[in-house]
Amino acid sequence: MSKSLQFVPGRTLTAQTMFASLPVMLRERLRSTASPRRFGDGQIIQQRGDPARGFWLIEEGAAAIGQFLPEGEFRAVALLGPGDSYGELALLAGRPRIVDAVARGPAVLRQIDGTAFEREMMMHPEAMRTLLGVIASQLQEVLDLLAGLRRGTTVARAAALLANLAGEGHGPQRATLTQHELADLLGVSRVTANAALRTLERAGLIQRKYGTIEVPDVVRLRAVSLK
């Protein structure tokens with residue numbers, strides 16, 4: 001994540017994605033099996049119920065992962081950025097997709113072929129141990145998130161989410177998301193999300209801008225998330 005205040009699509013997850021955990025040469029071979037595909041802002045990348053013939057690798061831009069509600073509104077549960085992957089679990093389980101994915105701004109992705117992925121895993125069994133560790137980390141993060149939803153205040157959860165999006169760098173950082181997206185990711189109304197942002201802003205922990213939230217000190221913000 002960049003240390004300067006410039007537009008960098010963030011991510012809401014801290015656990016490493018599965019593709020990123022693979023050895024560099026293995027990642028490059030898999031990447032070469034798929035051509036880049038360009039998506040416009042708001043364009044659907046995949047839909048719930050689609051067969052899992054592979055998984056997606058984000059090369060440029062960002063993708064919002066979630067589900068479309070019956071009335072058509074998209075409810076995001078995660079934001080992913082360059083270098084992140086998603087859809088591996090559906091592929092490994094041999095089950096249809098359970099989430100929708102929408103491009104957030106212009107984005108470039110590759111769909112890694114499932115057959116090529118399985119072939120490489122058979123040729124490199126040592127990589128499977130790494131993948132199991134990543135899956136375990138992702139499961140721990142989900143369980144921690146669920147526990148946080150039960151015990152944490154909206155302000156604390158908003159602080160944690162923004163700190164994750166801002167990254168690990170020192171000095172001022174920027175979290176790129178809208179108030180609507182923040183509310184979706186927290187599972188609260190926009191009014192409640194706005195109230196949490198006002199609290200953080202009054203404390204000098206964030207500065208709200210159009211479509212972005214500036215974080216002067218990520219360490220201080222992350223400390224609030226633990227309260």
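Because the structure is a prediction, the values reported are computed rather than measured.
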Note, Thr33 side chain near Ile112 side chain (heavy atom, < 4.5 Å): yes
Cluster check Phe74, Phe39: I/L/V/M/F/W/Y, side chain < 4.5 angstrom: no
4.5 Å side-chain heavy-atom contact, Leu109 and Arg37: no
Side chain to side chain contact (heavy atoms under 4.5 Å, CB included) assessment of Glu28 paired with Arg31: CA-CA 5 Å; Glu28 285 303 311; Arg31 183 176 171 275; 3.9 Å; yes
Verify same cluster id: Val155, Leu182 (apolar side-chain graph, 4.5 Å): yes
Verify same cluster id: Leu91, Leu132 (apolar side-chain graph, 4.5 Å): no
Arg97 versus Gln47, side-chain donor and acceptor atoms under 3.5 Å: no
Least distance between heavy atoms, Ala90 atom then Pro96 atom: CB-O, 4.2 Å
Val215 and Arg174: CA distance, side-chain angles, deciding distance, side chain to side chain contact (heavy atoms under 4.5 Å, CB included) verdict: CA-CA 6 Å; Val215 182; Arg174 176 175 294 178; over 6 Å; no
Distance-only check: which donor-acceptor pairs under 3.5 Å involve side-chain atoms of residues 191-200, not counting sequence neighbours?
residue, atom, partner, partner atom, Å
Thr192, OG1, Ser189, OG, 3.0
Asn194, OD1, Arg208, NH1, 2.5
Thr199, OG1, Ala195, O, 3.1

Residues that Arg110 engages under salt bridge (charged side-chain N to carboxylate O under 4.0 Å, His left out), provided they are two or more places apart: Glu59
Ile213 side, atom CD1; Leu221 side, atom CG - distance, nearest 0.5 Å: 9.5 Å
Distance-minimising heavy-atom pair for Ser32 and Arg29: OG-O, 2.6 Å
In one Ile/Leu/Val/Met/Phe/Trp/Tyr side-chain cluster, 4.5 Å: Val188, Ile206: yes
Contact summary for Ala52 and Arg95, nearest pair of heavy atoms: CB-O, 3.5 Å
Value rounded to 0.5 Å, distance of CZ in Arg53 from OG1 in Thr115: 10.5 Å
Rounded distance [0.5 Å steps], CZ in Arg119 versus NE2 in His124: 11.5 Å
Ile44 atom CD1, over 12 foreign heavy atoms within 6.0 Å: yes
For Gln67 against Val99, the heavy-atom pair lying closest together: CG-CA, 4.3 Å
Full working for side chain to side chain contact (heavy atoms under 4.5 Å, CB included) between Thr17 and Val134: CA-CA 7 Å; Thr17 58; Val134 171; 5.9 Å; no
Common cluster, Leu57/Val108, ILVMFWY with side-chain heavy-atom separation under 4.5 Å: no
Close side-chain approach of Leu22 and Leu131, heavy atoms under 4.5 Å: yes
Heavy-atom pair with the smallest gap, counting every atom of Ile58 and Ala63: CD1-CB, 3.8 Å
Greater than 12 external heavy atoms within 6.0 Å of Arg48's CZ: yes
Side-chain heavy-atom pair Leu205, Asp217 within 4.5 angstrom cut-off: no
Verdict with supporting geometry, Met121 and Leu26, side chain to side chain contact (heavy atoms under 4.5 Å, CB included): CA-CA 9 Å; Met121 290 301 98; Leu26 182 52; 3.5 Å; yes
Parallel, tilted or perpendicular, as decided by the 30° and 60° cut-offs, for the rings of Trp56 and Tyr86: parallel
Side-chain heavy-atom pair Arg104, Leu79 within 4.5 angstrom cut-off: yes
All side chain to side chain contact (heavy atoms under 4.5 Å, CB included) counterparts of Ile135, not counting sequence neighbours: Met18, Leu89, Leu92
Heavy-atom side-chain contact between Glu88 and Phe19 under 4.5 Å: yes
Glu120 vs Leu30 side-chain heavy atoms within contact, under 4.5 Å: yes
OG1-CD distance between Thr212 and Glu214, expressed to the nearest 0.5 angstrom: 5.5 Å
Exercise: identify the closest heavy-atom pair between Ala101 and Ile65: CB-CD1, 3.8 Å
